[in-house]
Amino acid sequence: MKFDTVIIGAGLAGVTAAIRLAEEGRRVGLVSAGRSSMHFHSGSLGLLDYDAGHSPTDDIEAAINGLPEPHPYRKIGAEAVVSRASEAAAILRRSGVKVSGSIRSNHKRISPLGVLRPAWLTLENVVTLDALKSLSRPHVAIISLAGFLDFYPRFIASSLGREGFKCEILSVDTPELRSLRASEAEMRSANIARVMSGEALERFTDAVHVAVRSSDAAGLIIPAVINFDGDGEALRLRTAVGRPLFYAPTMGVSVPGITMHTRLLRHFISLGGCLLNGHRVSGADFAGDRLMAVYTDKLDDDELRADSFIFAAGSFFGRGIKALPDSVVEPVLGLDTVAPADRGSWFDADLFGVQPIMTAGIATDSGFHALRSGSHIANLFVAGSALAGANSVREDSGAGVAIITALHVAEKIINNN
């Protein structure tokens, strides 16, 4: 099969680049090995929430300029990152992913553990401190699901209490929840969302009504266990309870994350893109400084040929790179990597300290071309968490690096540079 561009990896970086190229009329093949890290996404996106000193970012351009040289944002430049960030929000909205937030001023989101943390963008209807402050009074009811262990209402109440909110925790139960609770493995947000439709959703809505009947809370917070796709179930519940309702992220597989990923993929397909789902790249053909074709485990000897390629297969979690006893490697294409020299320097003894291994990734030149045996591959770009240089956990920059670098390399391909 022949494409203008083949993208390896369909996570946030891969699908963002795919959409941008498809919007320009390019024929794009998007290779997806399966579940993306987006399926564990909380519903908020961080651009660079903490600077190099681990202080909350106030001035985004100054924070970018203070990052170490190998960081992807430094290669792009602060001004260009800001420009790409504005473009990113527009692409998300064109894809049906409704978000709020501003690049110039972070807002506070609630993490799955109930901690208030800075964020760049947050999905519509996912709880933020700004949204709660817009209520008529600082009083919220947090709805807990009986037996649901991936949601921490007391932690949320504690965080909001420090912000001046009165919080009460109310518990609900339904036959569907009792059925799922028979197995702890089934009592997960995505499984709850699968049954929350039709009569099951009506029973859940009635249970919420009963729980909040004697409460004068100005708004409700419930775990994100309602299907966001198309806003059908989420909209019906929000309308039925008769007061502002916000969804809080949960641990494990995330309904908002799955919804965001699904909408992005659908938009890509609607633009004429080709999604090769369940395919893992197994080999490649190189000729000089160019990648000519890649092979997948599902296409036998059929090759995916293209004028340009983007490697967006992720870091350790996505198996884009792999840690061996004494080195970090890219296991399929043989691309060069950057990592601390010896395993003893990969980790800090302090669990909460800076972990050097987090900056490991694929080596690129200043134009994000992949390096192989020290030479750049002219038509192979790298985007997202596969890139070396960013510590996405400490910086809370994972989503930002994915989107910004994806748009950056897509523009390079569009402009043929």
Side-chain angles (χ1 to χ4, degrees), residues 7-9 11-18 20-21 37-38 45-54 57 59-89 91 103 120-121 308-318 320-321 328 330 335-340 354-372 376-377 380-415 417:
I7 300 174
I8 303 167
L12 185 55
V15 72
T16 299
R20 181 68 191 97
L21 291 166
S37 61
M38 285 188 70
L45 306 173
L47 182 67
L48 181 64
D49 295 340
Y50 296 92
D51 62 21
H54 200 55
T57 300
D59 183 331
I60 184 64
E61 294 186 17
I64 291 171
N65 289 329
L67 293 170
E69 286 289 348
H71 198 287
Y73 286 165
R74 289 297 301 273
K75 289 184 176 181
I76 295 172
E79 185 177 346
V81 169
V82 171
S83 176
R84 298 286 184 228
S86 298
E87 183 183 352
I91 282 182
I103 188 173
W120 163 39
L121 298 173
S308 59
F309 296 81
I310 299 174
F311 187 100
S315 185
F316 299 109
F317 181 84
I321 57 176
V328 173
E330 185 283 301
L335 304 180
D336 295 350
T337 59
V338 177
V354 179
Q355 304 299 329
I357 191 62
M358 293 303 298
T359 62
I362 294 173
T364 64
D365 63 13
S366 61
F368 292 90
H369 300 95
L371 300 182
R372 190 168 185 261
H376 84 191
I377 307 301
L380 173 58
F381 298 87
V382 184
S385 60
L387 286 162
N391 189 329
S392 61
V393 173
R394 185 170 176 81
E395 301 163 357
D396 202 356
S397 63
V401 167
I403 295 176
I404 302 304
T405 59
L407 292 176
H408 188 70
V409 300
E411 290 300 328
K412 282 184 165 293
I413 292 170
I414 292 167
N415 296 318
N417 64 2

If every non-hydrogen atom of L121 is compared with every non-hydrogen atom of A89, which pair is closest and at what distance? CD1-CB, 4.2 Å
Do the side chain of T57 and the main chain of L48 share a donor and acceptor less than 3.5 angstrom apart? yes
Are the side chain of T405 and the backbone of G384 linked by a donor-acceptor contact shorter than 3.5 Å? yes
Apply salt bridge (charged side-chain N to carboxylate O under 4.0 Å, His left out) to D49 and list each qualifying residue two or more places apart in sequence or on a separate chain. none
Which pair of non-hydrogen atoms, one from R394 and one from Y50, has the smallest distance, and what is that distance? O-CB, 3.6 Å
Go through the steps for F316 and I357 under the test side chain to side chain contact (heavy atoms under 4.5 Å, CB included), then give the verdict. CA-CA 10 Å; F316 299 109; I357 191 62; 4.0 Å; yes
Gap between atom NE2 of H408 and atom NZ of K75 - 0.5 Å precision: 10.0 Å
Closest heavy-atom pair, A88 versus I403, reported as atoms and distance to 0.1 Å, is CB-CG2, 3.1 Å
Atom CG of L380 and atom CZ of F309: how far apart are they, to the nearest 0.5 Å? 8.0 Å
Can you name the nearest heavy-atom pair linking S315 to S385, along with the distance? N-OG, 3.2 Å
Taken to the nearest 0.5 Å, the spacing of L407 CG from I91 CD1 works out to 4.5 Å
Any donor-acceptor pair under 3.5 Å from K412 side chain to F368 backbone: no
Testing the basics here: between A62 and D59, what is the closest heavy-atom pair and its distance to 0.1 Å? N-OD1, 3.1 Å
Would you say the side-chain atoms of T337 pair up with the backbone N or O of V328, donor to acceptor, closer than 3.5 Å? yes
Can you check whether L67's main-chain N or O pairs, donor with acceptor, with R74's side chain at less than 3.5 Å? yes
Euclidean distance, I362 CD1 relative to L387 CG, rounded to 0.5 Å: 7.5 Å
So do H71 and V401 actually touch side chain to side chain, heavy atoms under 4.5 Å? yes
Nearest heavy atoms of I103 and A85, plus distance in Å: CD1-CB, 3.2 Å
Kindly determine whether Y73 and L47 satisfy side chain to side chain contact (heavy atoms under 4.5 Å, CB included), including the steps that lead there. CA-CA 10 Å; Y73 286 165; L47 182 67; 3.4 Å; yes
With rounding to the nearest 0.5 angstrom, report the OG to CD1 distance, S308 to I377. 14.0 Å
With sequence neighbours excluded, what pairs up with E79 under the salt bridge (charged side-chain N to carboxylate O under 4.0 Å, His left out) test? none
Test log, rule side chain to side chain contact (heavy atoms under 4.5 Å, CB included), inputs R20 and E411: CA-CA 8 Å; R20 181 68 191 97; E411 290 300 328; 2.6 Å; yes
Drop me the distance from L335's CG to R372's CZ, to the nearest 0.5 angstrom. 7.0 Å
When you measure from the side chain of D365 to the backbone N and O of H369, does any donor-acceptor pair fall under 3.5 Å? yes
Of V82, D51, N65, V81, the residue whose pairing with I60 passes side chain to side chain contact (heavy atoms under 4.5 Å, CB included): V82
